[in-house]
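Here the structure comes first, spelled out in structure tokens, and everything after it is commentary.
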Amino acid sequence: MTHDHDHHDDPRALRAEALESILIERGLVDPARIDAVLDHFENDLGPLNGAQLIARAWTDDAFREHLLRDGTGAMESMGLGGPQVDHLVVVENTDAVHNVVVCTLCSCYPWGLLGLPPAWYKSFAYRSRVVREPRAVLDEMGCTLPDDVEIRVWDSSAEVRYLVLPQRPADVDTTDPGELASRVTRDLMIGVAR
Amino acid sequence: MIDLDADGPAAPPRSNGELVFEHPWQSRIFATTMALCDGGLILYEDFRERLIAEIAHHPDEYWHSWSEGLEDLLVERGLCDADDVTERARRFAEHD
């Protein structure tokens, strides 16, 4: 068995590698399965899935209403879903309201729709500050909101995953789903962009 | 490895597509955890409880929290032994 120790001076990294190696040796986990899982998460899951939901909501009012009323059902009706999105709640940005999503306790995130969360989403700074001072945090992230826009912060829990329905860009006149989806970024769907 | 941007992993996002994992061991332990869940050996929700507890102790060492939370759960379930992990980690360190 080969071991690619990539972080020699970090005892926790060595311990994680040791744990993995013991689990493999005992047949509790198959190394090929580990590779397949990683490949799936890194290559199959990503914001493009969530963007399809948003693009359709921008062009199809009935779907938009369905998505806001029953996020899980609307998502499943498009054949989307996957890990960590058993119960999806979609929150809509308007001229008066901006929504932003966090997980204050750990890193809950709709993997099936957005892929794996970026490092900053899991950072103590983001998790602790976005609840307390969302306007300042968003401003630092390059998302400066007018004072009269209300900010709503949604804290993900064991059961619920939130997704922001951003406002449709004013400069887009296409109804092509692919073209619309290309305008929907991960940050828009987390709510750290507008 | 690709370098993270100068402001570090907790930096605000400026574009999509930034790195999720800083080191391969982090992606390995993540995928190992998910493979254990898929195989029915552990429940993700049980793991998540340990992850939350570890994060509360070490708020900004996410992957360390992840790894420790997984090890705690596996030890508790009798699926591995902490001394075995210590011993193997020591051997890995000596080989480096």
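Here the structure is a predicted model, which means the values were calculated and not measured. Chain A is the first sequence line, chain B the second, and so forth, proteins listed ahead of strands; every chain is numbered from 1.
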Item to complete: Taking atom types as modelled, find out whether A/Ser21 and B/Arg88 have a side-chain donor-acceptor pair closer than 3.5 angstrom.
Response: yes
Worksheet item: For B/Thr33, is it the side chain, the backbone, both or neither that has a heavy atom under 4.5 Å from a heavy atom of chain A?
Response: neither
Item to complete: Can you tell which part of B/Glu71 gets under 4.5 Å to a heavy atom of chain A, answering side chain, backbone, both or neither?
Response: both
Worksheet, complete the sentence: Whatever's closer than 4.5 Å to a heavy atom in chain B on A/Cys108 counts as side chain
Fill in: A/Arg15 vs B/His64 side-chain heavy atoms within contact, under 4.5 Å
no
Discussion item. Taking the side chain as everything from C-beta on, heavy atoms only, tell me whether A/Asp10 gets closer than 4.5 Å to B/Trp25.
Written reply: yes
Item to complete: State the CD1-SG distance between B/Ile55 and A/Cys106, to the nearest 0.5 angstrom.
Response: 5.5 Å
Worksheet item: Linking I/L/V/M/F/W/Y whenever their side-chain heavy atoms sit closer than 4.5 Å, directly or via other members, would A/Leu67 and A/Val91 fall into one cluster?
Response: yes
Discussion item. side-chain contact (heavy atoms from CB on, under 4.5 Å) for B/Glu61 and A/Phe124? Distances and angles first, verdict last.
Written reply: CA-CA 9 Å; B/Glu61 295 178 80; A/Phe124 180 62; over 6 Å; no
Practice prompt. Would you sort out whether A/Asp35 and B/Arg28 count as a salt bridge (charged side-chain N to carboxylate O under 4.0 Å, His left out), showing the intermediate values?
Written response: CA-CA 8 Å; A/Asp35 292 340; B/Arg28 300 294 303 175; 2.7 Å; yes
Fill in: Test log, rule salt bridge (charged side-chain N to carboxylate O under 4.0 Å, His left out), inputs A/Arg26 and B/Asp84
CA-CA 12 Å; A/Arg26 291 193 175 176; B/Asp84 290 349; 3.2 Å; yes
Practice prompt. Walk me through it: do B/Tyr62 and A/Trp120 pass the test ring pair (Phe, Tyr, Trp, His ring centres under 6.0 Å)?
Written response: CA-CA 10 Å; B/Tyr62 182 79; A/Trp120 57 264; over 10 Å; no
Worksheet entry | Check ion pair A/Arg127-B/Asp60 (N to O, under 4.0 angstrom) | no
Discussion item. What's the separation between atom OG in A/Ser107 and atom CD1 in B/Ile52, rounded to the nearest 0.5 Å?
Written reply: 8.5 Å
Item to complete: May I ask you to name which of B/Ala35, B/Ser67, B/Cys80 has the most heavy-atom pairs under 4.5 Å with chain A?
Response: B/Ser67
Discussion item. Does A/Ile22 form a side-chain contact (heavy atoms from CB on, under 4.5 Å) with B/Asp81? I'd like the steps, not just the answer.
Written reply: CA-CA 9 Å; A/Ile22 287 171; B/Asp81 182 275; over 6 Å; no
Worksheet item: Relative to chain A, which segment of B/Ala53 carries a heavy atom at a distance below 4.5 Å: side chain, backbone, both, or neither?
Response: neither
Practice prompt. Give the member of A/Val29, A/Leu116, A/Ile190 that has the highest number of heavy-atom pairs under 4.5 Å with chain B.
Written response: A/Leu116
Worksheet entry | Separation between CG of B/Leu79 and CG of A/Leu23, rounded to the nearest 0.5 Å | 8.0 Å
Worksheet item: Are any of the side-chain heavy atoms of B/Thr32 and A/Val37 separated by less than 4.5 Å?
Response: no
Fill in: Part of A/Leu28 within contact of chain B (heavy atom distance under 4.5 Å)
both
Item to complete: Run the numbers on B/Trp63 and A/Arg12 for side-chain contact (heavy atoms from CB on, under 4.5 Å), then give the verdict.
Response: CA-CA 9 Å; B/Trp63 290 108; A/Arg12 190 63 247 180; over 6 Å; no
Fill in: Straight-line distance of A/Leu19 CG to B/Glu68 CD, nearest 0.5 Å
11.0 Å
Discussion item. With a 4.5 Å cut-off on side-chain heavy-atom distances among I, L, V, M, F, W and Y, is there a chain of contacts connecting A/Leu188 to A/Val101?
Written reply: no
Worksheet item: Taking atom CG of B/Asp38 and atom CZ of A/Arg33, what is their separation to the nearest 0.5 Å?
Response: 4.5 Å
Practice prompt. Please find out if less than 6.0 Å separates the ring center of A/Phe41 from that of B/Phe30.
Written response: yes
Worksheet item: Is it the case that one hydrophobic cluster holds both A/Leu180 and A/Met78, taking links as side-chain heavy atoms less than 4.5 Å apart, direct or via other members?
Response: yes
Worksheet item: Any link between A/Trp111 and A/Leu48 through a network of hydrophobic side chains (Ile, Leu, Val, Met, Phe, Trp, Tyr) touching at under 4.5 Å?
Response: no
Worksheet item: A/Val85 and A/Val184: same hydrophobic cluster, using ILVMFWY side-chain contacts below 4.5 Å?
Response: yes
